[in-house]
Trainee: 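Before we start, here is the structure in question, set down as structure tokens.
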Amino acid sequence: MTMAKYIRCISVMARKIAIAVCIAFTASAISMPTTFANEPIFSPATIQPTVKVVAGGIEIAVQEESGCHVAIYAITGQLVKQIDIPSGITTIDLTAGYYIVKCGNTATRVAIR
């Protein structure tokens with residue numbers, strides 16, 4: 001390959017790379033979400049409630065000031081209890097068995113023995 005053909009080949013490859021980069025940046029700019037003044041880009045992180053098994057039931061610790069809506073399901077999917085609990089630590093009595101405890105957006109599997 002002569003030097004002229006080699007330079008032309010590199011020039012063509014450089015143009016193709018430049019076009020690919022421009023397309024990539026244009027595509028990412030188009031798909032970027034728009035934000036308005038004083039609007040956060042990401043939602044603030046929420047503190048997840050904790051579920052702990054205690055004698056004869058469960059203990060749920062909620063740190064959000066608004067409290068939490070709790071739904072407790074049997075492993076079969078049947079709704080066992082449904083309550084709104086305030087911020088702080090709340091104890092819920094349950095019989096022995098396996099349960100799914102859903103508090104807000106968090107779901108936890110527990111086994112009461």
Trainee: Identify each donor-acceptor pair in which a side-chain atom of residues 95-102 lies under 3.5 Å from a protein atom, sequence neighbours left out, and give them as a table.
Mentor:
from, atom 1, to, atom 2, distance (Å)
Thr95, OG1, Tyr99, OH, 3.1
Tyr99, OH, Thr95, O, 2.9

Trainee: For residues Cys103 and Val62, report the shortest heavy-atom separation together with the two atoms involved.
Mentor: SG-CG2, 4.3 Å

Trainee: Would you tabulate the side-chain donor-acceptor contacts of residues 67-75 under 3.5 Å, counting partners in other chains and residues two or more places apart, or write 'none'?
Mentor:
from, atom 1, to, atom 2, distance (Å)
His69, ND1, Asp84, OD1, 2.7
His69, NE2, Gln82, NE2, 3.1

Trainee: Got a donor-acceptor contact below 3.5 angstrom from the Lys81 side chain to the Leu94 backbone?
Mentor: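 Checking the backbone N and O of Leu94 against the side chain of Lys81, no donor-acceptor pair under 3.5 Å is found.
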
Trainee: Could you list the cluster mates of Val54? Members are the ILVMFWY residues connected by side-chain heavy atoms closer than 4.5 Å, either directly or through other members.
Mentor: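 Val54 shares its hydrophobic cluster with no other residue.
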
Trainee: Starting at CD1 of Ile85, measure out to CD1 of Ile92 and round the result to the nearest 0.5 Å.
Mentor: 5.5 Å

Trainee: Mind checking salt bridge (Lys or Arg N to Asp or Glu O under 4.0 Å) for Lys52 and listing every partner two or more places apart, or none if nothing turns up?
Mentor: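 For Lys52 the salt bridge (Lys or Arg N to Asp or Glu O under 4.0 Å) partners, ignoring immediate neighbours, are Glu59.
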
Trainee: Run the side chain to side chain contact (heavy atoms under 4.5 Å, CB included) test against Ser87 and tell me which residues pass, sequence neighbours left out.
Mentor: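 None.
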
Trainee: Is there a path of hydrophobic side-chain contacts, each under 4.5 Å between heavy atoms of I, L, V, M, F, W or Y residues, that connects Val51 with Ile89?
Mentor: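 The answer is no; the residues belong to distinct hydrophobic clusters.
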
Trainee: Does anything in residues 73-102 form a disulfide bond (SG atoms under 2.5 Å apart)? List the pairs, not counting sequence neighbours.
Mentor: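 Of all non-adjacent pairs touching residues 73-102, none passes disulfide bond (SG atoms under 2.5 Å apart).
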
